[in-house]
Every structure is written in structure tokens, then in C-alpha cells.
Amino acid sequence: MAEDEIAARAIENEVEDDDDYEDETLAERLVGLAEMFPEGVRSKTATAFEYSVLGLKKAFDFGRSTTWIVSTSFIVLMLPVIFETEMAQMEQAQLQKQRQILLGPNAASAGPAGIGMAPPVPGAR
């Protein structure tokens, strides 16, 4: 029991010690940390940060321009080809459907008219 009381008092003392310190703002803390380093280190770090931000801006601008060029080129160059291919497939399907309606269900899978489904020769086995 005595050990528990000693541990509890130690924790209370630590909490009271924490209350003795003044609360400082984030800005005050950063200024205090910045003062720990020499001026040369701070200036080189600031320069590296500025160049990093500049590089990220340039990379973003390049990516944005590249995306615009690729997407508009696709729209102008490939979309007409895709539409023509789709129209040719639809035309082929329409011809196949007409053939099926006119000649029966087996005519649609036979290919172009007159090829593949020749009538049997009379008298041949």
C-alpha cells in the first residue's frame, strides 16, 4: 500500500510541475526552435524549401499541360475512329439481322449470302 501511495504522490507532483510551465503558442515554439540552428543552416533550409515549392509548382503546371494535350489529342484523333468502327459494327449487325429475317435462323451464321450453305446435290450420297 505504501508503494501505491508513493507512486500516486509522484504522479501528482509531476502533474503539478507541468502546471508550473507557461503554455506557449506554436509560433513561439517554432521561433525558439529556429534559434537553435545557426543562420547559415536556416538560410540554406529556407532556400531548399523555396526551390522545392517552385519545383512542385512547375511539375504541377507540366502535368496539367500534358494532361490537356493528351486528352484533346485523343478526342480529335481517336474519337472519330472509334465512332466509325462502332457504326461499321452496327451496320454489320443490321445486315445480319436482315439476313436472318429473310433467309431464316441459319442464314445469319452462314456468312455472306451464297457462301457456305450450298444445297445438296440430288442423287449424291
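With rounding to the nearest 0.5 angstrom, the CG atom of L103 is 10.5 Å from the CD atom of Q98.
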Exercise answer: donor-acceptor pairs, residues 26-37 side-chain atoms, under 3.5 Å, sequence neighbours excluded:
unit_1: E28; atom_1: OE1; unit_2: T25; atom_2: N; d: 3.0
unit_1: R29; atom_1: NE; unit_2: E24; atom_2: OE2; d: 3.1

Can I get a per-line list of side-chain donor-acceptor pairs under 3.5 Å for residues 48-61, giving both atom names and the distance, sequence neighbours left out?
unit_1: S52; atom_1: OG; unit_2: A48; atom_2: O; d: 2.8

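M78 and F83 fall within a single hydrophobic cluster, where Ile, Leu, Val, Met, Phe, Trp and Tyr side chains are chained together by heavy-atom contacts under 4.5 Å.
Summarising the local packing, CD of E91 is surrounded by 12 or fewer heavy atoms from other residues, nucleotides or ligands at distances under 6.0 Å.
For the side chain to side chain donor-acceptor pair (under 3.5 Å) condition, no pair includes a residue of residues 65-89, sequence neighbours left out.
Contact record, I75 with L79: O-CB, 3.2 Å, taken as the closest heavy-atom pair.
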